[in-house]
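Contents: one structure, followed by commentary.
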Amino acid sequence: MSMATNSKSSPGNRAEGRDAMLLSDLDVTVEPMADLGQRTWFKTGGRADLLVTPQSVEALATLTRRAWHDDVPVRLLGGGANLLVLDEGVDGLVVSLDAPAFRLLQVERGGASASIRAGAGHDLFALMHELNRAGLGGLEHLAGIPGTIGGAVVMNAGGTYGDTAQALTTVEVMDARGDLAIHERASLECSYRHGGIPSGIVTRATFRVEPTDPATLRKKFQELFSWKKSRQPFAASSAGCMFKNPIDPLSGARVSAGLLIDRAGLKGLRSGGAYVSPVHANFMALDAGGTATDIAALANVVVARVLDHSGVRLEREVVFWGRHPA
Ligand SMILES: Cc1cc2nc3c(=O)[nH]c(=O)nc-3n(C[C@H](O)[C@H](O)[C@H](O)COP(=O)(O)OP(=O)(O)OC[C@H]3O[C@@H](n4cnc5c(N)ncnc54)[C@H](O)[C@@H]3O)c2cc1C
């Protein structure tokens, strides 16, 4: 097998040595000191010691197994739409499934029903367009949610009109030893913004879809997308909602974290280049030149101020990565 080493390798970087040796005979693309922050929707943040893009499932399996054996932390990067990479950067291996082997899409039609099998690296926006063109409905409630299939499954991404788990039928997960297992949706404990996926790397997922008139489907998709865009600062650098909607202890229902932040008077609050969006208070956005440190500091202030104001401790939805074991 060949190793395609990215030309961005810099002499003397921390990635050289033991971790790079893990990869020398594998079919992977390697980028030492990769600018990871630029691969997130915040468009800021630290570097990865080593960003690795396996070109096949076999290469991913061997890589995962070796990293586990050598105790090297592995983190999986999806579309970076729910991720803040702290300015200190990330150690170990960051794995991207952005190779064709992990972006396959297959459709199986059987009379009134149909299903799709999508690679975890497949882009969710692209999938929406492909389903619209093919006249396959059942996932349009995910319209306008950025990221990959893997990220959507792990985060159980969704919103007012439904979540990823509701159409999911199976998910294929690679464990730390590089072994693959298929899990039925019924065996997963999915909940709000939690896919209930066993620890490991999601490599593929299958979804139930329904043949639907393409024009009707496109109209529904556009309505849902427009609805979302009218309520969220879509063009700003952000990772969507920073916090999960907490459960009200009295009613047992979820309350809007954005509403709690708004009621604490925090819309427009700033920390360096980061600010609480005036459009949607649960979006922490960033001016050009703002840093991941600004975002992290702002999120801490928001947690403290909401706790003071309403007695609720907000829990982060956005994943933060830094220099410590995953
Ligand atoms: C403008 C904007 C709007 C948004 N709106 C919504 C919304 O309406 N609803 C919603 O739920 N979210 C929303 N989000 C957040 C984000 O789109 C979702 O959480 C999305 O599912 C993240 O997918 P990703 O591929 O980008 O994951 P990443 O951000 O790359 O990763 C998120 C986490 O998932 C893990 N992960 C990713 N892929 C895999 C994999 N294959 N195997 C194992 N672990 C994996 C990562 O390790 C990380 O822990 C929004 C974000 C933005 C920027």
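Each ligand, and each atom within it, is numbered from 1 in the order the structure gives. In what follows, residues are counted from 1 in the order of the sequence shown.
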Contact atoms of ligand 1, heavy-atom distance to [X] under 4.0 Å:
X    : result
G151 : 21 (O), 23 (O), 24 (P), 25 (O), 27 (O), 37 (C), 38 (N)
G200 : 43 (C)
L83  : 29 (O)
V202 : 40 (C), 41 (N), 42 (N), 43 (C)
G150 : 38 (N), 39 (C), 41 (N)
R193 : 11 (O)
A239 : 15 (C), 51 (C), 52 (C), 53 (C)
W321 : 47 (O)

Which option, [options], owns the non-hydrogen atom nearest [atom]?
atom                    : options                : answer
atom 9 (N) of ligand 1  : A157, A152, G158, A235 : G158
atom 6 (C) of ligand 1  : M242, Q232, K228       : K228
atom 20 (C) of ligand 1 : G147, G121, P146, A81  : P146

Could you tell me if any non-hydrogen atom of G159 lies under 4.0 Å from any atom of ligand 1?
->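 No; G159 lies far enough from ligand 1 that no heavy-atom distance drops under 4.0 Å.
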In the hydrophobic clustering (ILVMFWY, side-chain contacts below 4.5 Å, transitive), which residues join Y161, or is it alone?
->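 Via sub-4.5 Å side-chain contacts, Y161 links to L224, W227.
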Please find the pair of heavy atoms, one from [X] and one from [Y], that lie closest to each other, and give the distance.
X    : Y    : value
L286 : T291 : CD1-O, 3.8 Å
M284 : I295 : O-CD1, 4.0 Å
L60  : L97  : CD2-CD2, 4.1 Å

Is any NZ, NE, NH1 or NH2 atom of the basic residue among [X] and [Y] found under 4.0 Å from an Asp or Glu carboxylate oxygen of the other?
X    : Y    : answer
K220 : E140 : yes
R323 : D91  : no
D25  : R66  : yes
E315 : K244 : yes

Can you pull out the closest protein heavy atom to [atom]? Residue, atom name and distance to 0.1 Å, please.
atom                    : value
atom 28 (P) of ligand 1 : G80 N, 3.6 Å
atom 13 (C) of ligand 1 : I145 CG2, 3.9 Å
atom 34 (O) of ligand 1 : V154 CG1, 3.9 Å
atom 24 (P) of ligand 1 : G79 N, 3.3 Å
atom 39 (C) of ligand 1 : L76 CD1, 3.4 Å
atom 33 (C) of ligand 1 : M155 SD, 3.9 Å

pair V171-L188: side-chain heavy atoms closer than 4.5 Å |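 Yes; the side chains approach each other to less than 4.5 Å.
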Can you confirm, on distance only, whether ligand 1 has an N/O atom lying under 3.5 Å from any N/O atom belonging to [X]?
X    : value
F283 : no
G78  : yes
T148 : yes

What do we get for N82 next to ligand 1 when only non-hydrogen atoms under 4.0 Å count, side chain, backbone, both or neither?
->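 Both the backbone and the side chain of N82 come within reach of ligand 1.
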Is it the side chain, the backbone, both or neither of V319 that has a heavy atom closer than 4.0 Å to ligand 1?
->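 For V319, the contact with ligand 1 is made by the side chain alone.
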Give a yes or no on whether the ring-centroid distance for H129 and F221 is below 6.0 angstrom.
->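 H129 vs F221: aromatic centres under 6.0 Å.
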Applying the side-chain hydrogen bond (donor to acceptor under 3.5 Å, both in side chains) test to H122, which of R103, E130, R204 qualifies?
->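 Testing H122 for a side-chain hydrogen bond (donor to acceptor under 3.5 Å, both in side chains) against R103, E130, R204 leaves exactly one candidate, E130.
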With no hydrogens and no angle check, is any side-chain donor or acceptor of S56 less than 3.5 Å from a backbone partner on A59?
->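 Yes; judged by distance alone, with no hydrogens or angles, the pair exists.
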Around atom CZ of R231, are there more than 12 heavy atoms of other residues, nucleotides or ligands at under 6.0 Å?
->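 Atom CZ in R231 is packed in, count exceeds 12.
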Are there more than 12 heavy atoms of other residues, nucleotides or ligands under 6.0 Å from atom NZ of K219?
->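 Incorrect, the count does not exceed 12.
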